[in-house]
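Structure, as structure tokens:
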Amino acid sequence: MSCTIIVGGFFGDEGKGKIVAHIAHQDHPTVISRGGVGPNAGHTVLVGKKEYGVRMVPSGFVYPKADLCIGPGVLVDPRVFLREVAEVEVSGRIFIDGRCGVIEEEHIARDKGSEHLAKTIGSTGSGCGPANSDRVLRVARQAKDLPELAPYIIDVAEKVNQAIDNGEPVLLEGTQGFGISLYYGTYPFVTSKDTSASQIAADNGVGPTKIDDVIVVFKAFPTRVGEGPFSTEMSLDKSHALGIQEFGTVTHRERRIGTWDGKMARYSAMINGCTQVAITGIDRVDPTCFGATSYDQLSQTAKDFIRQVEVDVGHPVTIISTGPELSQIIDLRKKR
Ligand code: IMP
Ligand code: MG
């Protein structure tokens with residue numbers, strides 16, 4: 001049995017999508033299932049020259065041999081889902097749990113029209129907050145209530161547990177990041193659900209005894225979109241001078257950039273039950289490391305940074321991303 005959860009350790013957009021895609025190609029999971037809030041998440045995956053941005057389809061879709069699932073805890077926007085299924089051509093191997101809550105147009109209007117959500121919190125406007133509140137009020141519709149989703153509906157929890165019990169490798173994808181967890185993040189500047197590894201397991205109906213590994217993904221220079229505290233934030237002028245500028249996948253807002261936060265990383269690793277660390281953006285610590293595929297190719301500056309991450313977090317760094325492409329990665333999992 002081997003079930004691995006992959007979650008974001010900072011404020012989201014750590015590069016989980018690429019890590020999931022890489023691990024999938026290495027470990028050959030039969031099932032990749034998504035947890036997390038809903039289509040407020042945006043995953044960018046670069047394969048060769050082609051860039052994909054998905055919000056509902058699990059980012060592991062680039063690995064063609066796995067079945068793709070959306071766990072019962074995740075909100076589904078049927079419009080976004082159906083568009084993406086056609087775009088990335090995953091029809092026939094993608095499934096939704098019938099119990100998923102549904103995002104209606106009205107939820108999006110409420111999200112965008114709310115001064116509190118849209119302005120104070122800086123929500124993504126994807127309707128997730130209002131839909132989750134309707135779910136809690138027990139008035140939301142479920143995926144199984146929509147005829148257009150009927151071809152995709154299964155019991156995802158059952159499928160995922162069966163794969164685990166058969167000893168097949170399974171990946172559970174988290175979305176968002178630790179810092180915007182409803183419980184552990186910078187409340188009220190957070191998303192509408194917990195985002196930690198335990199939640200991702202619960203979103204898929206997988207009990208804690210069935211999880212073997214939790215990979216927490218941190219980016220060397222953390223980012224945050226939307227409002228809220230960000231203790232290591234630098235000015236945009238400074239990040240631009242460092243050559244760092246990013247825009248959100250969903251909202252296209254410019255992301256706020258910060259420096260490495262060892263204290264937050266350690267706390268995040270604790271709550272997530274981290275067993276391994278993946279670090280992305282090492283080429284920003286030292287541009288000479290861009291595209292490196294082995295540890296020996298890294299400069300002393302990069303190696304020192306990785307060592308510091310391990311001291312701060314208290315767990316081994318086993319995956320190092322050195323650029324946006326799928327192949328630009330160092331995988332030390334077999335060595336450590
Ligand atoms: P909501 O989840 O759309 O309600 O937005 C609440 C807060 O979480 C805002 O600050 C968003 O920018 C942030 N947020 C939600 N999803 C993501 C994500 O996938 N990546 C980064 N930030 C996110
Ligand atoms: Mg994202």
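Computed from heavy atoms alone, side chains included, the values below leave out hydrogens, waters and symmetry copies. Since this is a predicted model, take the numbers as computed values, not measurements. Indexing begins at 1, ligand by ligand and atom by atom, following the structure's order.
Hydrophobic clustering, with ILVMFWY side chains joined whenever heavy atoms are under 4.5 angstrom apart, keeps Leu117 apart from Tyr187.
For Cys128, no heavy-atom contact with ligand 1 is shorter than 4.0 Å. Contacts between Val190 and ligand 1, counted as non-hydrogen atom pairs separated by less than 4.0 Å, involve the backbone only. Within the 4.0 Å heavy-atom criterion, the part of Phe11 lying near ligand 1 is the backbone and not the side chain. At a heavy-atom cutoff of 4.0 Å, ligand 1 is contacted by no atom of Arg224, backbone or side chain.
Counting atoms of ligand 1 from 1 in the listed order, those under 4.0 Å from a heavy atom of Ile180 are 8 (O), 13 (C), 14 (N), 15 (C), 17 (C), 22 (N), 23 (C). Annotation for ligand 1: atoms under 4.0 Å from non-hydrogen atoms of Asp13 are 20 (N), 21 (C). For ligand 1, the atoms closer than 4.0 angstrom to any heavy atom of Val225 are 10 (O), 12 (O), 21 (C), 22 (N). Under a 4.0 Å criterion applied to the non-hydrogen atoms of Thr124, ligand 1 contributes the atoms 1 (P), 3 (O), 5 (O), 11 (C), 15 (C).
For ligand 1, the polar-atom distance check finds an N/O of Arg253 within less than 3.5 Å of one of the ligand's N/O atoms. In terms of polar-atom proximity, Asn40 is counted as a contact of ligand 1, with an N or O under 3.5 Å from an N or O of the ligand.
Here atom 1 (P) of ligand 1 lies nearest to Ser123 when heavy atoms of Ser123, Gly8, Gly122 are compared.
Other residues, nucleotides and ligands place no more than 12 heavy atoms under 6.0 Å from the NZ atom of Lys112.
Among protein heavy atoms, atom 16 (N) of ligand 1 sits closest to Gln176 NE2, 3.3 Å. The nearest protein atom to atom 19 (O) of ligand 1, hydrogens excluded, is given as Ala41 CA, 3.2 Å; this is a heavy-atom distance. Nearest non-hydrogen protein atom to atom 2 (O) of ligand 1 is Thr191 OG1, 2.6 Å.
Just one residue in the list Asn204, Asp213, Ile211 forms a side chain to side chain contact (heavy atoms under 4.5 Å, CB included) with Cys3, and that residue is Ile211.
Ring centers of Phe178 and Phe10: at least 6.0 Å apart, outside the cut-off. Between Tyr267 and Tyr184, the distance separating the two ring centers is not shorter than 6.0 angstrom. Ring centroids of Phe247 and His252 are separated by 6.0 Å or more, keeping the two rings apart.
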Derivation and outcome, side-chain contact (heavy atoms from CB on, under 4.5 Å), residues His315 and Gln276: CA-CA 6 Å; His315 294 280; Gln276 300 180 42; over 6 Å; no
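The side-chain heavy atoms of Leu298 and Ile320, taken from C-beta on, include a pair separated by under 4.5 Å. Two residues are said to be in side-chain contact when any heavy atoms from C-beta on lie closer than 4.5 Å; Phe81 and Leu149 meet this criterion.
Distance alone, capped at 3.5 Å, is enough to place a donor-acceptor pair between the Gln328 side chain and the Glu325 backbone.
Using a 4.0 Å heavy-atom cutoff, Val37 is absent from the residues neighbouring ligand 1.
The shortest non-hydrogen separation linking Arg99 to Ala157 is NH2-CB, 4.0 Å.
Of all the N, O or S atoms in Asp13, the one closest to the Mg ion (ligand 2) is OD1.
The Mg ion (ligand 2) has no N, O or S atom of Gly248 closer than 2.8 Å.
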